[in-house]
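What's counted below: heavy atoms across the whole structure, side chains too, no hydrogens, waters or symmetry copies.
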Amino acid sequence: MKTVFVTVGTTSFNELIESITSSESVQALKARGYERLVVQVGRGSLLPAADSCPHIRLEAFRFKDSLAEDIKQADLIISHAGAGSCLDALSAGKPLLVVVNDKLMNNHQLELARQLNMDSHSLYCTCSTLTETLRTMDLSVLKPFVHGQPKHFANFLDKALGLK
């Protein structure tokens, strides 16, 4: 079953949960052949009910000890722009769509998302452009992130955040 896994890490990002479970986004996912949507909502106030998205199998939870199995089962990962969440998805070799929380001040998330995109490791958007991105995205342009070399990721983060 073609699966999308959405993660917000340990944060609260209600707007992403609302956007991905909207009928427009669900229709865009269905049009691409996705049948299952697994949503990790973190500390957010929204925990969508399984029957809230009638056209797709929806599973939602707050936290688990490990997201490794959800990541492994996913055909697409949609993540907030937290460095840990992005690294987990990229290390697993999964296509990644990063959704930037444009409501944050001093938005290092945008810098990280842009850098990952410039290096063709992920696509990125905001909640307001999520549905259109789902409709038009081309995952074939993404290049694998060489995993197993934490120093490369540390250097990448330093570069993305303007520390080097």
Side-chain angles (χ1 to χ4, degrees), residues 1-104 107-110 112-113 116-117 121-145 147-148 153:
M1 185 176 295
K2 203 167 168 189
T3 299
V4 177
F5 176 56
V6 180
T7 180
V8 302
T10 59
T11 66
S12 171
F13 194 0
N14 288 333
E15 190 180 4
L16 173 55
I17 306 308
E18 288 173 6
S19 297
I20 195 61
T21 57
S22 72
S23 60
E24 297 83 8
S25 289
V26 169
Q27 286 171 356
L29 291 173
K30 285 295 285 183
R32 291 185 161 269
Y34 295 102
E35 303 164 287
R36 183 171 169 247
L37 179 60
V38 179
V39 182
Q40 183 261 327
V41 302
R43 288 182 291 150
S45 60
L46 294 176
L47 187 62
D51 60 357
S52 62
C53 293
H55 303 293
I56 201 164
R57 182 171 159 199
L58 175 67
E59 300 167 30
F61 63 92
R62 292 196 181 285
F63 299 105
K64 287 182 181 175
D65 289 338
S66 172
L67 300 178
E69 192 58 33
D70 295 293
I71 290 169
K72 181 180 169 186
Q73 290 179 9
D75 297 287
L76 170 65
I77 296 174
I78 299 175
S79 176
H80 75 126
S85 296
C86 291
L87 180 59
D88 287 346
L90 294 171
S91 294
K94 299 294 182 167
L96 175 64
L97 172 57
V98 178
V99 181
V100 176
N101 186 346
D102 54 8
K103 309 276 189 290
L104 296 177
N107 200 345
H108 296 301
Q109 286 194 1
L110 179 57
L112 176 61
L116 286 170
N117 181 259
H121 297 307
S122 73
L123 303 175
Y124 80 99
C125 64
T126 61
C127 290
S128 61
T129 59
L130 177 60
T131 299
E132 186 59 26
T133 301
L134 293 172
R135 285 185 187 125
T136 62
M137 66 185 178
D138 180 1
L139 300 176
S140 71
V141 303
L142 299 180
K143 298 177 186 168
F145 188 86
H147 61 309
F153 191 72

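- With hydrogens and angles disregarded, a donor-acceptor distance shorter than 3.5 Å links the side chain of R32 to the backbone of R135.
- Heavy atoms only, all atoms of each residue included: C86 and S79 are closest at N-OG, 4.4 Å.
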Please evaluate residues L58 and V39 with respect to the criterion side chain to side chain contact (heavy atoms under 4.5 Å, CB included), reporting the C-alpha separation (whole Å), side-chain torsions for both, the decisive distance (0.1 Å), and the verdict. CA-CA 8 Å; L58 175 67; V39 182; 3.8 Å; yes
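- In this view, P95 and L76, L139, L142 satisfy the side chain to side chain contact (heavy atoms under 4.5 Å, CB included) rule, not counting sequence neighbours.
- The backbone N or O of G42 lies less than 3.5 Å from a partner atom in the side chain of R62, making a donor-acceptor pair.
- Every side chain to side chain contact (heavy atoms under 4.5 Å, CB included) that F61 has, sequence neighbours left out, goes to F5, V38, Q40, K64, L67, D70.
- Judged as a side chain to side chain contact (heavy atoms under 4.5 Å, CB included), and not counting sequence neighbours, the contacts of S22 are E24, S25, T131.
- When the options S85, S122, C125 are evaluated for a side-chain contact (heavy atoms from CB on, under 4.5 Å) with V98, the one that passes is S122.
- How far NZ of K103 is from CG of N14: 11.5 Å, rounded to the nearest 0.5 Å.
- For the pair I71/T7, no side-chain contact is recorded, criterion being any heavy-atom separation below 4.5 Å from C-beta on.
- Across all their heavy atoms, V99 and F13 have their closest contact at O-CE2, 3.5 Å.
- For the pair L16 and N101, the minimum side-chain heavy-atom distance is 4.5 Å or more.
- Between I78 atom CD1 and L29 atom CG the span is 6.0 Å, to the nearest 0.5 Å.
- Between E18 and L46, the closest side-chain pair of non-hydrogen atoms falls below 4.5 Å.
- The shortest non-hydrogen separation linking M137 to L123 is CB-CD1, 3.5 Å.
- Contacts of Q27 classified as side chain to side chain contact (heavy atoms under 4.5 Å, CB included), with partners at least two apart in sequence or in another chain: none.
- No side-chain heavy atom of Y124 sits under 4.5 Å from any side-chain heavy atom of L116.
- Contact of the I77 side chain with the D88 side chain is not registered, since no non-hydrogen atoms from C-beta on lie closer than 4.5 Å.
- To the nearest 0.5 Å, the span separating CG on L112 from NE2 on H80 amounts to 10.0 Å.
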Compile the donor-acceptor pairs under 3.5 Å between side chains in residues 47-57 and protein atoms, sequence neighbours left out, one pair per line.
residue : atom : partner : partner atom : Å
S52     : OG   : A49     : O            : 2.6
R57     : NE   : E59     : OE2          : 3.3
R57     : NH2  : E59     : OE2          : 3.1

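- Counted by atom type alone, R36 and T3 present one or more donor-acceptor pairs between their side chains at under 3.5 Å.
- Residues passing the side-chain hydrogen bond (donor to acceptor under 3.5 Å, both in side chains) test with S66, sequence neighbours excluded: none.
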